[in-house]
Amino acid sequence: MALRRTLRWAARSYSQGAAKEWLTEGFLDSLRAVVGSSNVATAAAVREHHGHDESMHRCCPPDAVVWPQNVEQVSLLAAECYSRGVPIIPYGTGTGLEGGVNAVQVWPAPGKGGVCVNLTQMDQVSQLNPEDFTVVVEPGVTRKALNSFLRGSGLWFPVDPGADASLCGMAATGASGTNAVRYGTMRQNVLNMQVVLSDGRVLHTAGQNRRPRKSAAGYHLTGLFVGSEGTLGLITQVTLRLHGIPEATVAAVCAFPSVQAAVGSTVQILQIGIPVARIEFLDDVMMRACNRYSGLGYAEAPTLFLEFHGSECSVQEQVQAAGEVVQSNGGSDFVWAREQEARNQLWTARHNAFYAALALRPGRKSYTTDVCVPISCLPAILLETKEDLLESKLTGPIAGHVGDGNFHCILLFDPEDVEESGRVAMFAERLGRRALALDGTCTGEHGVGLGKRQLLRKEVGEVALSTMRQIKAVLDPKNIMNPGKVL
């Protein structure tokens, strides 16, 4: 029901009215005193821009937007909002897919959209420790900006969700991406965090300036805040694990006669221990969309995109072993992309799959599912999903990080069509429950946000959900940190 209501929201327009009456000049003056007049905005256009991400959730603008320049200002802003019970919504690049930045109006302040804290002007790489493979960045630094900064150092940050998201935003949502099968997700690559709590206190989750590769000291607070989606505090700095750039990199594309053959190859490649860096699945519908959108000429069949990292010798061994698995499952010969330019073209096409899917039905909205299951369950759930799409008469190209058991259906629908919107809602609900029945999760990397709160309840159970609420109540007793999300 929650998802169905959200889908209906996508069909509505949001009023461009003035900010709420509670937003007095006195309060605005207090914000201006912290960040300066030029860094506080209440114009309707600015508020609307900050009231939505790239999801299908309807726009819910905040009442004011502020741009702090440093952690001291963030702390003062939080303390000011805390004293008045005003909601705080963190904002990075706005590339999320679950409505995480929407300023929904909920208890304890119905009618208050709250204050959006745009952190993009805090954009410094604070400290690079190349010998220790660590870097400290502020919330305005994006993954592409970091890797550009690291150029020439022999290091890179591999977590790659596709969009040029902010790194602190990626930590907040527990982001993942195409390289996760080899290098892990944000959960494995964040070593420490600086977090401003709801009352303005500044927390260092692993201790100030600490950056060891491992620690057994106390509760794992860093892990608590990774994936918290702004509901526990504002992340103002992260210490990240870096990785060495491999000596050799080779990418390949391979088509298969069926979904079963493609996913079966994935499972076998992982089972025999080939250290593949990327292994992505695109179904026939998605391949057709990518060919049209990116001007490619690949077979429009279930397809794997693979990439291998290592020394020249080890990469050759990986390629040979993977090729044998592919051939045994009826896959085509590899189409290689060895040079940097060719690899970039290949992976740009994969990252543009979302926009390629939208181009299949111009003018439509999309709802992107995000289930993840144990790898052994992938063939069964993908086949059932394809059948469900046909029976539901829905357009839903499939792409996924199958090396992690994570895949996405990009469901295209007309928000004005109540019947079609209902079919999308019911399909997404069935898929989420199907993943949970296979001991999986309703969200592998996008987060819970607005639309998956009921599925979260089913996934973790009442005791775990109650424990989360208790943690939330301790860290955010006034429920002002991104209220209405996750719980």
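Predicted, not measured: the structure shown is a model, and the values here were computed from it.
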Open item on the list: Less than 3.5 Å apart, any donor N or O on the side chain of Q194 or T236 sitting next to an acceptor on the other?
Closed with: yes

Open item on the list: If you count every heavy atom of other residues, nucleotides or ligands that lies below 6.0 Å from K458 atom NZ, does the total exceed 12?
Closed with: no

Open item on the list: Main chain of F27, side chain of T24: is a donor-acceptor contact present, judged purely on distance under 3.5 Å?
Closed with: yes

Task: H401 and E280, any side-chain heavy atoms less than 4.5 Å apart - done: yes

Task: Stepwise side chain to side chain contact (heavy atoms under 4.5 Å, CB included) test for F149 and V137 - done: CA-CA 11 Å; F149 176 87; V137 300; over 6 Å; no

Task: Non-neighbouring partners of S75 that pass side-chain hydrogen bond (donor to acceptor under 3.5 Å, both in side chains), sequence neighbours left out - done: none

Return all side-chain donor-acceptor pairs below 3.5 angstrom for residues 215-227, not counting sequence neighbours, or 'none' if the list is empty.
residue	atom	partner	partner atom	Å
S215	OG	A217	N	3.1
T222	OG1	T205	OG1	2.7

Task: Lys/Arg-Asp/Glu bridge criterion (N-O < 4.0 Å) met for E445, R187 - done: no

- [ ] Return yes if a side-chain donor-acceptor contact under 3.5 Å exists between S392 and D388, otherwise no.
- [x] yes

Task: Y183 backbone acceptor or donor facing N189 side chain under 3.5 Å - done: yes

Open item on the list: Apply side chain to side chain contact (heavy atoms under 4.5 Å, CB included) to residues T93 and D164 and explain how you reach the verdict.
Closed with: CA-CA 8 Å; T93 57; D164 189 22; over 6 Å; no

Task: Test log, rule salt bridge (charged side-chain N to carboxylate O under 4.0 Å, His left out), inputs K365 and E416 - done: CA-CA 10 Å; K365 292 286 186 178; E416 301 293 339; over 6 Å; no

Open item on the list: Determine whether a donor-acceptor pair (N or O, by modelled atom type, separation under 3.5 Å) exists between the side chain of N482 and the backbone of G100.
Closed with: yes

TODO: Flag the pair M56 / P415 as yes when at least one side-chain heavy-atom distance between them is below 4.5 Å, and no otherwise.
DONE: no

TODO: Would you tell me whether Q69 and Q121 have side-chain atoms, one donor and one acceptor, within less than 3.5 Å of each other?
DONE: yes

Open item on the list: Is there a side-chain contact between C168 and L119 in this structure, where contact means two heavy atoms from C-beta onward sitting under 4.5 Å apart?
Closed with: no

- [ ] Keeping the roles fixed (side chain from E138, backbone from Q124), state whether a donor-acceptor pair exists under 3.5 Å.
- [x] yes

Task: Identified side-chain contact (heavy atoms from CB on, under 4.5 Å) partner of T395 from the options L389, V424, L412, L411 - done: L412

TODO: Please answer whether the main-chain N or O of N179 pairs with a side-chain N or O of D160 as donor and acceptor at a distance below 3.5 Å.
DONE: no

TODO: Assign the ring pair Y91 / H50 to parallel, tilted or perpendicular, where the plane angle (0 to 90°) is split at 30° and 60°.
DONE: tilted

- [ ] Please say whether more than 12 non-hydrogen atoms of neighbouring residues, nucleotides or ligands are located less than 6.0 Å from CZ in R361.
- [x] yes

TODO: For R350 and G162, indicate whether the former's side chain and the latter's backbone hold a donor-acceptor pair under 3.5 Å.
DONE: no

- [ ] May I ask you to check whether over 12 heavy atoms, not counting those of R151, lie within 6.0 Å of atom CZ?
- [x] no

TODO: Say whether, by atom type as modelled, one donor and one acceptor occur between the side chain of S466 and the main chain of E462 under 3.5 angstrom.
DONE: no

Task: Those residues that, when tested against N102, pass side-chain hydrogen bond (donor to acceptor under 3.5 Å, both in side chains) (two or more places apart) - done: none

